[in-house]
Trainee: 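Dumping the structure here so I can ask a few things about it.
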Amino acid sequence: MAFISFDLCAFVLIIVLLICFYYKKYIPNTQNKTFLTLLWFTFSTTLFDILDVTATSFGPMFPLWFHQFTSYAFFITLNAIPPIYTYYIIVLTNTQKKYLKSMKAITLLLPIFISFFVIATNPFTNFIFYYDGNMAYFRGPGQSFLYLVSFYYLIFGILYINRYKEIIPSNKRIALYSFVFLATIPLLIQFFIPSLMISIFAVTICLLLIYMTIQNPEEILDYSTGLFNRSSYITQASINFGSEIAFTTISIRINDYSYFRRVFGITQMTAIAKDIAMALEHIPLKNKRIYYMNDGHFNFTVNQEDMYDKLPYELSKLFEHPFGVENMELNLTAQLCVINIPKDAHSIELLMDYVDFTINPLLQGNIVLFTNQVSVNDKNRTDKIIRAVQNALKKDLFEVYYQPIYSAKQNTYHSAEALVRLNDPELGPISPAEFIPITEKNGDIIQIGMVVFRKVCSFISKQNLKSLGIDYIEVNLSVAQCMQKKLAEDILKEMAFYELPTKCINLEITETAAAYSPETLAENMKNLALSGIKFSLDDYGTGFSSMSCMVELPFDFVKLDQGLIASMGNEKALIAMNSTVAMLRQLDMKIVAEGVETMEQAMLLEEMGCDYLQGYYFSRPIPETEFLAFLNQKNKNNYS
Ligand code: C2E
Ligand code: CA
Ligand code: CA
């Protein structure tokens with residue numbers, strides 16, 4: 001009985017593993033199916049071994065057929081485990097199709113066929129075991145042969161891992177190797193001391209190890225959709241590159257996804273993403289793999305031989321119907337990019353550039369694109385911009401333009417927004433919408449922000465803007481600046497240097513800044529507000545537009561985002577705008593409408609109750625001298 005205690009432990013462990021496997025969602029792909037087969041075979045072998053040993057120890061109490069049955073079942077299941085494990089390794093490198101189709105398949109299949117043949121002919125040969133008349137069990141010489149076959153598979157496994165070591169991440173490789181070693185040592189022990197039955201227990205421990213490392217579902221799944229995640233896409237693609245497997249990825253990106261997420265919230269959009277995932281899963285194609293890359297971005301992948309021309313259009317068609325959850329339906333459109341690997345992308349880096357292709361905002365509706373039609377995120381461009389910014393900081397190439405802001409009540413231009421401009425000697429003009437986010441990431445924005453602020457101060461101190469009707473200049477603060485503890489101090493110091501009264505500056509801050517470092521921002525704003533500086537909440541209507549920001553922080557102005565203004569043509573959007581303006585007025589906020597491009601918009605907004613208007617209809621952002629000329633012309637009636 002003592003000898004089967006290892007088996008009993010193994011049995012409990014394997015049941016726990018099976019429960020865990022089924023309890024956690026698993027995707028029925030080849031890897032998981034192979035692992036599950038491994039679990040079931042280990043389960044069966046343990047069960048038969050326990051029955052067999054128990055029967056043997058009680059001898060004649062059990063009928064002969066029972067002895068025979070448990071012994072045969074045990075040998076068959078036990079000897080199937082090493083080849084299944086080796087197959088599992090092959091599956092991990094995604095080379096199983098290639099392997100099984102070639103002549104090499106013999107090296108995997110022949111030994112196990114011979115083993116099975118030997119087991120099947122045992123009744124006639126007694127080569128492996130036999131029972132005597134008293135139902136006592138006797139080993140035959142064939143058991144050593146079966147051990148040798150098992151060793152063969154384990155060595156096969158080691159060689160295979162070695163051959164593909166570049167494409168199996170090191171922690172997983174270690175788990176695979178340790179399986180081999182953990183299985184070999186007890187096998188050797190058992191080879192010499194057959195009564196010590198520890199190899200099944202060792203195999204079970206190995207399976208546990210693999211379950212915790214390679215099969216770890218948290219690592220490869222996106223829980224919101226139940227699809228594979230981005231990192232597992234990268235792993236799989238790298239494996240395919242390493243094994244020279246041709247495949248096609250159709251990268252699907254939902255148009256305006258982040259906008260929808262802001263409007264409807266993360267929970268709703270996650271439910272929608274899940275709905276899309278289901279629709280993609282229902283495409284009747286057996287060997288597909290679907291990944292959720294995040295933020296409304298899916299990758300649909302098939303091996304080259306399963307790919308057909310119509311597939312991208314079938315996927316695109318899915319978006320002709322609304323997606324929905326419970327009480328909400330949403331008409332979405334998507335841009336799809338078809339990438340054939342290795343034809344279109346010969347490296348993982350290039351592949352990822354295509355996968356993360358930039359959505360073309362000029363193309364409306366559902367679109368199928370091919371790699372030559374998409375613009376990839378140009379990493380070179382980012383590097384070039386970083387260099388251009390640093391060059392501009394060194395050589396003082398940044399300029400500040402001013403966009404006049406019209407006061408509806410006074411009928412004059414009463415302020416202006418300072419907007420930074422960069423004209424690189426090589427790259428030409430670079431939009432702040434492009435370089436500001438890049439410099440937010442590397443911290444250069446803080447220096448840029450100070451350069452702009454200094455230029456604005458210098459401009460105000462040199463010109464008598466007040467006499468031209470300008471009460472103050474609005475300056476944008478970046479998120480990174482707002483996170484600086486000494487922001488208030490720096491700003492006040494600069495203004496003191498130019499001997500400017502604090503009321504001639506208005507600082508524009510977006511909600512995002514409040515989201516990142518609420519305490520620092522609140523502290524900075526408090527100190528600046530005490531000194532008399534006023535604040536505008538920028539880009540209102542693009543973020544989460546949480547009220548707390550407006551209520552808790554000392555904002556005096558709210559700038560309605562140009563996106564809101566642009567959507568006023570829509571009747572419902574107009575209703576929403578009306579009540580937004582009414583609400584802001586009740587909160588005693590002064591309202592600035594941005595991005596006013598037409599006279600109709602200007603009239604509507606004024607009627608609605610917006611205090612100030614800014615946009616191309618009035619003037620584009622213009623350089624200092626032009627701005628002065630503009631004021632001289634437009635404001636002169638009142639102020640000359
Ligand atoms: P923003 O603060 O929302 O600035 C308004 C943007 O809208 C400016 O783009 C302006 O040129 C543009 N705009 C003004 N009127 C209209 C219109 O009628 N129609 C349209 N379509 N656009 C209009 P710009 O100058 O390219 O700046 C883009 C963004 O870059 C700014 O958005 C701001 O977030 C950032 N930025 C610009 N200068 C600075 C700066 O000195 N510091 C910081 N931190 N950010 C800046
Ligand atoms: Ca602004
Ligand atoms: Ca704005």
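Whatever order the structure lists ligands and atoms in, that order sets their numbers, starting from 1.
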Trainee: Can you list the ligand 1 atoms lying under 4.0 Å from a non-hydrogen atom of D538?
Mentor: 2 (O)
Trainee: At less than 4.0 angstrom from any non-hydrogen atom of S478, what atoms of ligand 1 do you find?
Mentor: 44 (N)
Trainee: Give the numbers and elements of all ligand 1 atoms closer than 4.0 Å to a heavy atom of I436.
Mentor: 43 (C), 45 (N), 46 (C)
Trainee: Heavy-atom count check: over 12 atoms from other residues, nucleotides or ligands less than 6.0 Å from Q390 CD?
Mentor: yes
Trainee: Between atom CZ of F453 and atom CG of D490, what is the distance when rounded to the nearest 0.5 Å?
Mentor: 10.0 Å
Trainee: What protein heavy atom is closest to atom 11 (O) of ligand 1, reported as residue, atom name and distance in Å?
Mentor: P621 CG, 3.3 Å
Trainee: Which bit of E417 gets closer than 4.0 Å to ligand 1, counting heavy atoms only: side chain, backbone, both or neither?
Mentor: side chain
Trainee: Around the Ca ion (ligand 3), what protein N, O or S atoms are found below 3.0 Å?
Mentor: D538 OD1, D539 OD1, E594 OE1, E594 OE2
Trainee: What protein heavy atom sits nearest atom 43 (C) of ligand 1, and how far away is it?
Mentor: N476 CB, 3.6 Å
Trainee: Of all the N, O or S atoms in E417, which has the shortest distance to the Ca ion (ligand 2)?
Mentor: OE2
Trainee: In the protein, which heavy atom is nearest to atom 12 (C) of ligand 1, and how far is it?
Mentor: Q562 OE1, 3.9 Å
Trainee: Between E440 (side chain only) and V479 (backbone N and O only), is there a donor and an acceptor less than 3.5 Å apart?
Mentor: yes
Trainee: Hey, would you say the F630 and Y402 ring centroids sit under 6.0 Å apart?
Mentor: no
Trainee: Any side-chain heavy atom of P322 within less than 4.5 Å of one from L330?
Mentor: no
Trainee: With backbone taken as N, CA, C and O and side chain as the heavy atoms from C-beta onward, which portion of Q614 lies under 4.0 Å from ligand 1: side chain, backbone, both, or neither?
Mentor: neither
Trainee: To check your reading of the model: name the closest protein heavy atom to atom 20 (C) of ligand 1, its residue, and the distance in Å.
Mentor: E597 OE2, 3.2 Å
Trainee: Kindly check if the number of other-residue, nucleotide or ligand heavy atoms within 6.0 Å of CD (Q373) is above 12?
Mentor: yes
Trainee: What's the spacing between L564 CG and Y540 OH if we round to 0.5 Å?
Mentor: 8.5 Å
Trainee: Are L419 and Q403 close enough that some pair of their side-chain heavy atoms sits under 4.5 Å apart?
Mentor: yes
Trainee: If you scan the protein for heavy atoms around atom 9 (O) of ligand 1, do you find one that is closer than 4.0 Å?
Mentor: no
Trainee: For the NZ atom of K310 and the CG atom of L315, what is their distance to the nearest 0.5 Å?
Mentor: 13.5 Å
Trainee: Where does V596 meet ligand 1, judged by heavy-atom distances below 4.0 Å: at the side chain, the backbone, both, or neither?
Mentor: backbone
Trainee: Can you name the atoms of ligand 1, numbered from 1 with element, that are less than 4.0 Å from a heavy atom of E594?
Mentor: 3 (O), 4 (O), 5 (C)
Trainee: Is the closest N or O pair between Q403 and ligand 1 shorter than 3.5 Å?
Mentor: yes
Trainee: Below a 4.0 angstrom heavy-atom separation, can you tell me which part of V420, side chain or backbone, both or neither, approaches ligand 1?
Mentor: both
Trainee: Name the closest protein heavy atom to atom 31 (C) of ligand 1, giving the residue it belongs to and the distance to 0.1 Å.
Mentor: L419 CD2, 4.3 Å
Trainee: When you compare ligand 1 with Q481, is there at least one nitrogen or oxygen pair between them that comes in under 3.5 angstrom?
Mentor: no
Trainee: Heavy-atom contact under 4.0 Å between K559 and ligand 1?
Mentor: no
Trainee: Nearest to atom 27 (O) of ligand 1, what protein heavy atom do you find, and at what distance?
Mentor: P432 CG, 3.4 Å
Trainee: Which of the numbered atoms in ligand 1 are below 4.0 angstrom from a heavy atom of D539?
Mentor: 3 (O)
Trainee: Checking a contact table here: which protein heavy atom is nearest atom 18 (O) of ligand 1, and how many Å away?
Mentor: Y616 N, 2.8 Å
Trainee: Can you tell me how far the NZ atom of K590 sits from the NZ atom of K534, to the nearest 0.5 Å?
Mentor: 10.0 Å
Trainee: Strictly distance-based, threshold 3.5 Å: is any side-chain N or O of N340 a donor or acceptor partner for the main-chain N or O of K343?
Mentor: no
Trainee: Counting only N and O atoms by type, is there a donor-acceptor contact under 3.5 Å from the side chain of N506 to the main-chain atoms of I473?
Mentor: no
Trainee: Output yes when a side-chain donor or acceptor of Q601 lies under 3.5 Å from a complementary backbone atom of E597, and no otherwise.
Mentor: yes
Trainee: For V355, does its backbone N or O pair with a side-chain atom of S251 as donor and acceptor, under 3.5 Å?
Mentor: yes
